[in-house]
Amino acid sequence: MVAQASNCNRDRLKQLLAGTLPRETESNITKHVEMCDTCRSEMETLAADASWWQDAHEFLSSTEVSCLIDDSPTTGNTIDLSVIAGEFDTTPDETTADELVLDYLASSDNPAMLGRLGGYEILEVIGRGGMGIVFKAYDGELNRYLAIKVLSPCYASSAAARKRFAREAQAAAAVVHQHVVAIHGVDGTGKLPYLVMPFVACESLQERIDREGPLDTRDILRIAVQAAQGLSAAHAQGLVHRDVKPANILLEKGVDRVLLTDFGLARAIDDAALTRSGVIAGTPQYMSPEQAKGESIDHRTDLFSLGSVMHAMCTGRSPFRAETTMGVLRRICDGEARSVREVNADLPPWLERVIAKLLAKSPDDRFETADEVASLLEACLAHVQHPTAVALPESLASCERSRAAQYAAGGTLVVSCLVVFALMFTTLPNDESGEGPGQAEVLSSGTVNSLDEQEQLRWTDDLDSEMSQIDYQIQILETIDF
Amino acid sequence: MREAPETRQSLLLRLRDSQDHQAWTEFLAIYEPLIYRLATRNGFQDADARELTQEVLLAVSGAIDRWDPDPKLGSFRGWLFRIARNLMINFLAKRRNRPLAIGDTDFNRLLNEQPADASDESRYFDHEYKRQAFHWAAERIRREFQEHTWQAFWQSCVDGKTVKEVAEKLKMSVGAVYVSRSRVMARLRKEIERVGNE
């Protein structure tokens, strides 16, 4: 253009915008801008980039409230309950899931009720989660309150998902245990499958942690013991929970009772969601590494998740966190959980070790059963409640001692090795001759008699190698400078 | 949308202080009509929409402490939208058979929910937010400019008249119209960014 080069100056444009130029210069540059497309465009970009100019036009020119309704891709996203009925079959939409559920309720004779479902009077919505909606209901025949969990229409859209839901729920219904929420009934035949549970006044462990932050050792143990007992009961039925997390652990109000809920269900929902959208619906934060990798799982996946839950109770947050779902999964598989004692130094070291063992990446390195965990933690709880009267369980106590005595233990070890050495020498001749009391005698006298010569020889060989090992260890110990 | 999320956060963080009158005034100016419109759009009558708006704002003021400003956890708007939507559903659920009974809504449960995923409804909410923010900011900055400066902006940018046309009408030079509207635009952007435009 006819731009005088000296006038094409970005800083001048900024000053022009800010109105800080002397009057005469301002008028000169204004004239220049009128002629120079480059400077004009530069100035406009300095003011705001192109999308702002567009937005200003779009947003400021419209004063009509419902300007967007025509642009919206579907018409099914209004919450007007009367409009939406009947649209569900063709356009399931997550945003309307709850309302759709409400529309499936039959009308009730009682005006105080929301409606009816399968013979139950529905009183109100008491919860809403990834999988659907939970109603408080009244069973007139048995005169009791119930909780009815209805699968969200967006997940119930395929017959396969509905069947899966019902199948999992039926399996869960077989578990009867004081720490598992009972399932009174399952209906997978209707358009919206649902399950019927007792109505329990409770809060979830998640809510408790959100509200109070980390829990104290006693509560951590108390909750973990009961959760492990509930898991153990389910595992005994061959049922793996697969989604142990604070939100699925309910704390009954008033009494100190812990209840596990949603056995096998959440992951059934995830599968449905996955096939629908390719996205994991629920949080993967408490998944086990084998789950995260999509490998085959067994009951020990629940032990890992229980470890994560205990970690969350100790620290107030789940142990494996990341910005994205993929990041969480990677951490679960490769990252080490932060030490709980780093966050809360008051926690006993043995609790940290129990959690670490539960959080072992390989299932083989974890505890073997939920029952084992329950018993161990129960003993720990007893110890915490009566530290002087009840000792810490031997497996944890010995570990504790060995750590404390790590540096002074050398001498003791020599002594104990020598004791073993001596014991073996003294018992060996007795057994070899077949006379006198020997170790094998405890089995039965017949066993001892039936030891043929070959077996005795092998035993002697074993002993020889054992002794040479002890010899070797003593040599090593002798070289250590105490 | 664009830069300056830190300003957005600072207004929202300031909301945690219930005594921060200015922050709350600005917040209400933008969000109150937004929630009201969301409600009317979903079939609420005026009185119900007002009541619902109050419920939502009360819920927000009670729960703002717990809202985590980490953008990775989702936007404030998403969170607010979620609250509004949940309260609407509860409202409607109860109204179905009990036309006037509301209340005893479990705020805490609703408030702990995570921001909604991008759904059509939350896109609508975002869109409406921007519209509200533009109108609010325009209203606020208008008196900072002389009338012809403002008109140069409004007529050429918003009403879509050509710059030449506007210049003639306002008896300004074409260059002056360009400069005027850019100045207004820069100020408008600043004001919207100040309250958050992510």
Side-chain angles (χ1 to χ4, degrees), chain A residues 16-19 26 29-35 40 43-44 46-49 51-53 55-63 65-69 72-74 77-83 93-95 98-99 102 107-108 110-115 124-128 206-207 210 323-324, chain B residues 1-2 37 40-43 66 72 85-86 88-90 92-98 101 104 106 108-110 112-113 116-117 119-124 127-128 130-135 138 153-154 157-160 173-179 181-190 192:
Chain A
L16 178 64
L17 271 181
E26 178 172 319
I29 305 210
T30 302
K31 274 182 197 145
H32 168 73
V33 161
E34 185 170 336
M35 308 305 294
R40 201 183 66 229
M43 175 182 69
E44 290 182 341
L46 277 173
D49 66 36
S51 62
W52 280 93
W53 291 91
D55 283 354
H57 173 68
E58 180 186 350
F59 293 122
L60 290 176
S61 63
S62 68
T63 45
V65 166
S66 52
C67 64
L68 232 176
I69 286 177
S72 53
T74 60
N77 58 358
T78 159
I79 301 182
D80 189 333
L81 295 166
S82 57
V83 174
D93 180 335
E94 274 180 55
T95 63
D98 296 352
E99 306 83 80
L102 290 172
S107 64
S108 168
N110 185 342
M113 303 289 171
L114 289 181
E124 60 181 336
V125 179
I126 51 173
R128 199 175 285 122
Q206 184 67 57
E207 287 167 325
D210 287 347
E323 293 164 24
T324 60
Chain B
M1 197 148 103
R2 274 152 221 107
R37 277 213 293 276
T40 52
R41 179 177 190 259
N42 283 290
R66 272 174 285 152
K72 290 151 200 154
R85 187 177 153 273
N86 278 325
M88 273 194 286
I89 292 163
N90 257 317
L92 290 170
K94 300 224 165 182
R95 201 182 54 179
R96 274 194 132 189
N97 286 307
R98 282 178 290 181
D104 79 295
D106 188 348
N108 287 333
R109 175 173 49 72
L110 295 167
N112 285 322
E113 294 195 27
D117 296 329
S119 61
D120 296 332
E121 194 75 358
S122 78
R123 272 211 303 279
Y124 164 82
H127 186 274
E128 279 301 281
K130 280 184 201 160
R131 201 157 67 81
Q132 185 63 29
F134 268 89
H135 277 284
F153 162 75
W154 194 268
C157 282
V158 180
D159 292 346
S173 75
V174 169
V177 172
Y178 278 127
V179 172
R181 72 174 192 178
S182 289
R183 281 178 176 165
V184 173
M185 191 67 223
R187 180 71 190 89
L188 187 67
R189 172 172 68 92
K190 243 187 179 163
I192 291 172

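Lettering of chains follows the sequences in order, A, B, ..., and the numbering in each one begins at 1. We use all heavy atoms of the structure for the numbers below, so side chains are in, but hydrogens, waters and symmetry mates are not.
- The part of A/Glu26 that comes within reach of chain B is its side chain, from C-beta onward, which places non-hydrogen atoms under 4.5 angstrom from that chain.
- B/Arg131 forms no cation-pi arrangement with A/Phe59, by the criterion of a distance under 6.0 Å to the ring centre and an angle within 45° of the ring axis.
- Summarising the geometry of A/Thr30 relative to B/Gly175, their closest heavy-atom pair is CG2-C, 3.4 Å, with the distance given to 0.1 Å.
- Closest of all the heavy-atom pairs between B/Phe134 and A/Asp55 is CZ-CB, 3.5 Å.
- Within the 4.5 Å cutoff, no side-chain heavy atoms of A/Trp52 are placed close to those of B/Leu188.
- Proximity to chain A (any heavy atom under 4.5 Å) is shown, for B/Arg181, by both the backbone and the side chain.
- For B/Ala186, the side-chain contact (heavy atoms from CB on, under 4.5 Å) partners are A/Ala47, not counting sequence neighbours.
- One finds the NZ atom of B/Lys130 at 13.5 Å from the CG atom of A/Leu60 (value rounded to the nearest 0.5 Å).
- Between B/Cys157 and A/His57, the shortest heavy-atom distance links the atoms O-ND1, 3.0 Å.
- Taken to the nearest 0.5 Å, the CD atom of A/Glu44 stands 6.5 Å off from the OH atom of B/Tyr178.
- Contact check for B/Ser173 versus A/Glu34: side-chain heavy atoms found under the 4.5 Å cut-off.
- Side-chain N or O atoms of B/Arg183 include one that pairs as donor or acceptor with a backbone N or O of A/Leu16 at under 3.5 Å.
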